[in-house]
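Have a look at the structure below, then the notes.
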Amino acid sequence: MSPRIVYAVVLCVLILGGAGWFLREKPSEANVPEFQYTQVAAQYALELTPTFSLEKDPFALNMDESPALVVRLGDKELLALDSVSAGEPVLLEEVRGLVLGMNEFFIKATPSAGSALGAQALRVRLLQGGQPVAAESYWTGNGLPVKAVFRVTLDEQAKEGAHAE
């Protein structure tokens, strides 16, 4: 038998044996603590004001599943509207599901087919007691939909209803 074959067999045995030993010796279950979210007790409202009129997407494959305005917090859909007039504020009175730390709202606003070309904006504000806590404007142009992530960090004071960042 050639020494090359012997070396190849020994090398294969070492590699397979090492892999088998590693899989046997590693812990079978990771000890990862489950993360606990602290819900915010304060009442918050979300206000969205488009500078353009919103309608369902005429190019969507299924128009029933493509509302003009969609707002999600995590995996929960908070708001879905079929049409909104330009300049008309949309107020979501009570936002449920906010937690201490980072909160991300996904917002999609589809302009109507007759919307003017050029720059268009969607103003988003998080309100507490009617006062803005966080605000952001998202811009688009040429009839493209606004797809944005509105990030808000709520601190310990927000837990009691005092303030957020």
Side-chain angles (χ1 to χ4, degrees), residues 1-42 44 46 48 50 52 54-82 92 94-111 113 115 117-126 128 133-160 162-165:
M1 194 181 288
S2 158
R4 277 187 161 171
I5 294 175
V6 173
Y7 290 138
V9 170
V10 169
L11 185 62
C12 287
V13 169
L14 287 175
I15 290 174
L16 293 175
W21 174 79
F22 174 75
L23 292 174
R24 255 191 334 256
E25 294 299 319
K26 76 173 189 142
S28 60
E29 188 175 308
N31 191 10
V32 179
E34 188 171 323
F35 188 77
Q36 297 293 323
Y37 292 102
T38 305
Q39 294 288 324
V40 175
Y44 288 93
L46 189 68
L48 301 103
F52 52 97
L54 305 175
E55 290 180 356
K56 287 185 174 187
D57 185 0
F59 300 105
L61 294 175
N62 187 350
M63 289 203 44
D64 294 334
E65 296 178 7
S66 65
L69 179 64
V70 177
V71 178
R72 291 187 183 101
L73 177 62
D75 61 347
K76 296 177 191 165
E77 189 171 288
L78 300 178
L79 179 69
L81 297 175
D82 290 336
L92 182 59
E94 193 173 320
V95 178
R96 297 186 185 270
L98 292 172
V99 296
L100 286 181
M102 179 67 74
N103 294 275
E104 292 184 338
F105 294 91
F106 171 75
I107 301 164
K108 180 181 176 193
T110 307
S115 288
L117 298 178
Q120 301 169 333
L122 177 68
R123 181 75 173 160
V124 182
R125 299 188 319 159
L126 185 67
Q128 183 183 20
V133 173
E136 190 72 41
S137 293
Y138 300 99
W139 292 85
T140 188
N142 299 329
L144 296 173
V146 173
K147 293 180 184 175
V149 176
F150 179 56
R151 290 181 179 89
V152 179
T153 302
L154 299 176
D155 55 17
E156 280 293 327
Q157 292 174 345
K159 185 176 178 182
E160 293 99 32
H163 183 67
E165 185 180 305

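Residue numbers start at 1 and run along the sequence shown.
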Identify the heavy atoms of [X] and [Y] that sit nearest to each other, and give their distance.
{"X": "Val40", "Y": "Val99", "answer": "CG2-C, 3.6 Å"}
{"X": "Ala42", "Y": "Gln128", "answer": "CB-NE2, 3.3 Å"}
{"X": "Phe52", "Y": "Pro111", "answer": "CD1-CB, 3.6 Å"}
{"X": "Glu55", "Y": "Ala113", "answer": "OE1-N, 4.2 Å"}
{"X": "Ala135", "Y": "Arg125", "answer": "CB-CG, 3.7 Å"}
{"X": "Pro67", "Y": "Leu81", "answer": "CB-O, 3.4 Å"}

As an exercise, state the distance from [atom1] of [X] to [atom2] of [Y], rounded to the nearest 0.5 Å.
{"X": "Leu69", "Y": "Lys108", "atom1": "CG", "atom2": "NZ", "value": "11.0 Å"}
{"X": "Leu79", "Y": "Leu46", "atom1": "CG", "atom2": "CG", "value": "8.5 Å"}
{"X": "Leu154", "Y": "Met102", "atom1": "CG", "atom2": "CE", "value": "10.0 Å"}
{"X": "Glu136", "Y": "Leu122", "atom1": "CD", "atom2": "CG", "value": "10.5 Å"}
{"X": "Asp82", "Y": "Leu54", "atom1": "CG", "atom2": "CG", "value": "11.0 Å"}
{"X": "Phe150", "Y": "Glu104", "atom1": "CZ", "atom2": "CD", "value": "11.5 Å"}

(request) Output all residues satisfying side chain to side chain donor-acceptor pair (under 3.5 Å) with Arg96, sequence neighbours left out; order by chain, then residue number. (result)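 Arg96: side chain to side chain donor-acceptor pair (under 3.5 Å) contacts with Glu94.
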(message) Checking Glu77 now: which residues fulfil side chain to side chain donor-acceptor pair (under 3.5 Å) with it, not counting sequence neighbours?
(response) none
Kindly write out the residues that satisfy side-chain contact (heavy atoms from CB on, under 4.5 Å) with [X], not counting sequence neighbours, or none if the list is empty.
{"X": "Leu73", "value": "Leu78, Val95, Leu98, Asn103, Phe105"}
{"X": "Tyr7", "value": "Pro3"}
{"X": "Ala148", "value": "Tyr138, Val146"}

(request) Measure the shortest side-chain to side-chain distance between Tyr44 and Val152 over non-hydrogen atoms and say whether it is less than 4.5 angstrom. (result) no
N/O donor-acceptor pairs under 3.5 Å from side chains in residues 8-20, not counting sequence neighbours:
none

